[in-house]
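First listed ligand is number 1; within each ligand, the first listed atom is number 1.
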Amino acid sequence: SIVTAAAQADTDRQSPPPFNDVPQEFTAKVFEKNFIKREEMIPMRDGVKLHTLIFIPKGVKGAPMLMGRTPYNAARYEPGMNGDKFLREGFIRVYQDIRGKYGSEGNYVVTMPVRGPLNPTSTDHVTDTWDTIDWLVKNVSESNGRVAIIGNSYDGFTAAMALLDPHPALKAAVPVGPLLDAWMGDDWFHYGAFRQMMLGYVHMQTGQRGEGVIAPSEIYDKYEEFLRAGSVSGYAASNGLDKLPFVQRLLEHPSYDAYWQGLAVDKLIVARPSKVPTLWTQGLWDQEDMWGSNHVWRALKAAGHEANNWLVMGPWNHIQPWAGGTSIGPMKWPTDTSYQWTNEMLLPFLNEHLRNGPPANLPRVTVYNTGEKRWDKFTTWPTACDQGCGTKLKPLYLTANFNLSFEQSAQANGGDTYTSDPATPVPFLPRPVVDPFGEFGATGGLGSAYDPWSKWLSTDQRFVAGRPDVLVYETEVLTEAVRVQGIPIADIRASTTGTDGDFVVKLIDVYPSKDYTNPSASGYQLPIATDIFRGRYRESFEHPTAIPANKPQQYRFELPNVNHVFQPGHRIMVQIQSTLFPLYDRNPQTFVANIFKARPTDYKKADVTILRSKAQPTAILLPVVK
Ligand code: PG9
């Protein structure tokens, strides 16, 4: 018989068993979140309302509050079904959009200065935090009236600002990788060299109030794009970024003038120290904010305020304090150091100060030992230093034939010359270099997690070691371990044919040529402390001066903190170069009033000679301890 297609389909549907895995009716069991969400617009003293999300574990009473203040969208922090670690531990979590961002009213000013000469209004992060805490303790009935503030980077900056006039209910603060002095060594500059790739960040942050929309750029490789644009102002103009007020402000403030000094939160905190227990935390390979935590801790200690200030430095990049602290490059740690920080340091600290928990008994300073792969506890830090540490810094000298030695050269003359050409700057990452805050990096969130940006400070330096404009000095293979605990100082004597110039110094642990158990670590050149110094600031950060051509000059600057052991079988290496491009803008090597506005003709090749004679020694002063 003839069966129509429709009749056949009917039969198929009805014939048992139905050939269909999608039942006619199905409702999955609905699991309920283990917390309640409140959304509030909290009024500040000037009437501006700040968008605040409050997550309360179900059924809690007398719970402490853990708050964060962010320019990155409070809603993004909403936890999943089971809450986050702290909700599960019974903390109420509070996230607030700072003034002018996302759901909050008011105006956004990048790292808004405190009220005063740089901020003529009646409010700042200090008052906004105070007003928010005041509201929270009066309006969150499930709380015990105690608050801690915590946050990473920008949110670490807002956490630190709370300390300038803490509300009595603020019982603890945990600034993690906070931006505190953006000119000296956090996001915007390092010793005056400008981190021009942050322009992508300004684009994302200030191009709009809400989610960062990045206009696609025509060139994928930022190395090529920045090179073609010439100066920083040329780049800003070619991308339309010169219309952004913060970019305009940056372009007018290349030096450490009153603007940057007034923004240096570490100095403000030392001038107005609080009694709030504070756990300053940072990564040893933080690609964005290497300055804040350790400098403010040192300054507070020097001013006699260490009793309520603790310092933790872990083996982390900018985001690793929060997760994935098991490795850096091919180097694996035996434990998850992020998990240890959260569980063994942070939680006990919060419990002690917010719930009368047992004393956390944190050592004053805890630093991961990146050579012996374990946490070390210190009663003070650094262990060796120029003055007042008991052990002095030990110079590791550059010597002939590109060697390094603890013995100073007896040579009357000596130096090694390279040509630094602004037309072919040394890349800071293998090309192509993708903007972490640009159209690719920013997709799906803030670009700090963007790989390889997140790892540039720990990248194997073999990719540049063979360049003629990178000087490479190394020790013999070590037969004994060299242990360093503190802050190495680069003490460079150099002359240049130019009238300005930058100096990049990398202290490197060279792994043995063959590692049978971890082949990818073989011969790895692991930078353990890297920094850049803009030569015009060698005499004053505020008033730059031209470098006299061909006259030896001294460039002395601190490198980032280290707690490391160069193991037998390894070598110590030092690399010196003049550029780290395109992360840092190029120095034209001709002295001009404002480098941001240098003209194409100002960019000139220079022959740079690193001196290593008896009279003009170059050394890295190492905090060597027994
Ligand atoms: N490092 C980022 C930042 C902080 C402050 C100003 C500009 C950038 C951040 O991760 O928040």
Side-chain angles (χ1 to χ4, degrees), residues 68-74 76-77 95-102 108-114 118 124-125 149-162 174-190 194-208 211-212 214 241 244-247 249-250 253 259-260 262-266 268 280-296 316-323 428 435-438 441-442 444-451 453-457 560 583-584:
R69 305 188 61 252
T70 184
Y72 300 132
N73 192 6
R76 182 186 288 169
Y77 293 86
Y95 293 102
Q96 183 173 67
D97 288 322
I98 58 171
R99 222 166 244 271
K101 284 307 270 179
Y102 293 87
Y108 175 63
V109 174
V110 177
T111 57
M112 184 196 276
V114 290
L118 300 176
D124 55 17
H125 289 296
I149 188 161
I150 187 168
N152 199 44
S153 199
Y154 204 122
D155 304 6
F157 154 79
T158 58
M161 289 293 255
V174 187
V176 182
L179 167 144
L180 296 188
D181 191 329
W183 194 92
M184 283 294 181
D186 288 326
D187 281 287
W188 304 116
F189 298 78
H190 274 224
F194 180 59
R195 292 163 71 92
Q196 59 186 357
M197 280 179 66
M198 293 305 290
L199 291 174
Y201 174 93
V202 188
H203 182 172
M204 175 184 83
Q205 269 302 95
T206 69
Q208 51 275 310
E211 202 57 62
I214 305 289
L241 302 182
L244 295 171
F246 186 68
V247 172
R249 211 145 68 237
L250 277 171
H253 296 280
Y259 174 70
W260 293 112
L263 273 172
V265 183
D266 47 351
L268 299 176
W280 300 99
T281 301
Q282 69 158 89
L284 293 163
W285 282 281
D286 185 322
Q287 79 276 11
E288 293 173 35
D289 298 291
M290 281 286 264
W291 183 274
S293 278
N294 66 81
H295 280 85
V296 74
W316 306 314
N317 63 33
H318 195 54
I319 51 148
Q320 277 181 310
W322 309 100
F428 80 106
D435 187 349
F437 306 109
L446 180 68
S448 297
Y450 195 72
D451 189 1
W453 161 255
S454 58
K455 306 198 175 111
W456 79 265
L457 271 177
L583 169 56
Y584 290 94

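Checked by atom type, the side-chain pair E288/S448 shows a donor-acceptor distance below 3.5 Å. In this model, no donor atom of one side chain and acceptor atom of the other lie less than 3.5 Å apart for Q282 and D289.
Every atom of ligand 1 with a heavy atom of S448 under 4.0 Å away is listed here by number and element: 10 (O). The contact set between ligand 1 and E288, taken as ligand atoms under 4.0 Å from a residue heavy atom, comprises 1 (N), 2 (C), 9 (C), 10 (O). Of all atoms in ligand 1, numbered sequentially from 1 with element shown, those under 4.0 Å from a heavy atom of Y72 are 2 (C), 3 (C), 9 (C), 10 (O), 11 (O).
F246 pairs in a ring pair (Phe, Tyr, Trp, His ring centres under 6.0 Å) with only one of the listed residues (Y201, W188, Y259, Y108), which is W188.
For ligand 1, the polar-atom distance check against T111 finds no nitrogen or oxygen pair separated by under 3.5 Å.
Partners of Q287 by side-chain hydrogen bond (donor to acceptor under 3.5 Å, both in side chains), not counting sequence neighbours: none found.
With atom 3 (C) of ligand 1 as the reference point, the heavy atom nearest to it among T158, D155, D187 is part of D187. For the residues G447, G177, S153, G156, the heavy atom positioned nearest atom 10 (O) of ligand 1 is part of S153.
Put simply, no part of F157 is less than 4.0 Å from ligand 1, judged by heavy atoms.
Ring pair F157/Y154 is perpendicular by interplanar angle, where above 60° counts as perpendicular and below 30° as parallel.
No side-chain donor-acceptor contact under 3.5 Å links R69 to the backbone of I98.
Contact check for V202 versus L241: no side-chain heavy atoms found under the 4.5 Å cut-off.
The side chain of D289, and not its backbone, has at least one atom closer than 4.0 Å to an atom of ligand 1 (non-hydrogen atoms only; side chain from C-beta on). Neither the backbone nor the side chain of Q205 comes within contact range of ligand 1; no heavy atom lies under 4.0 Å.
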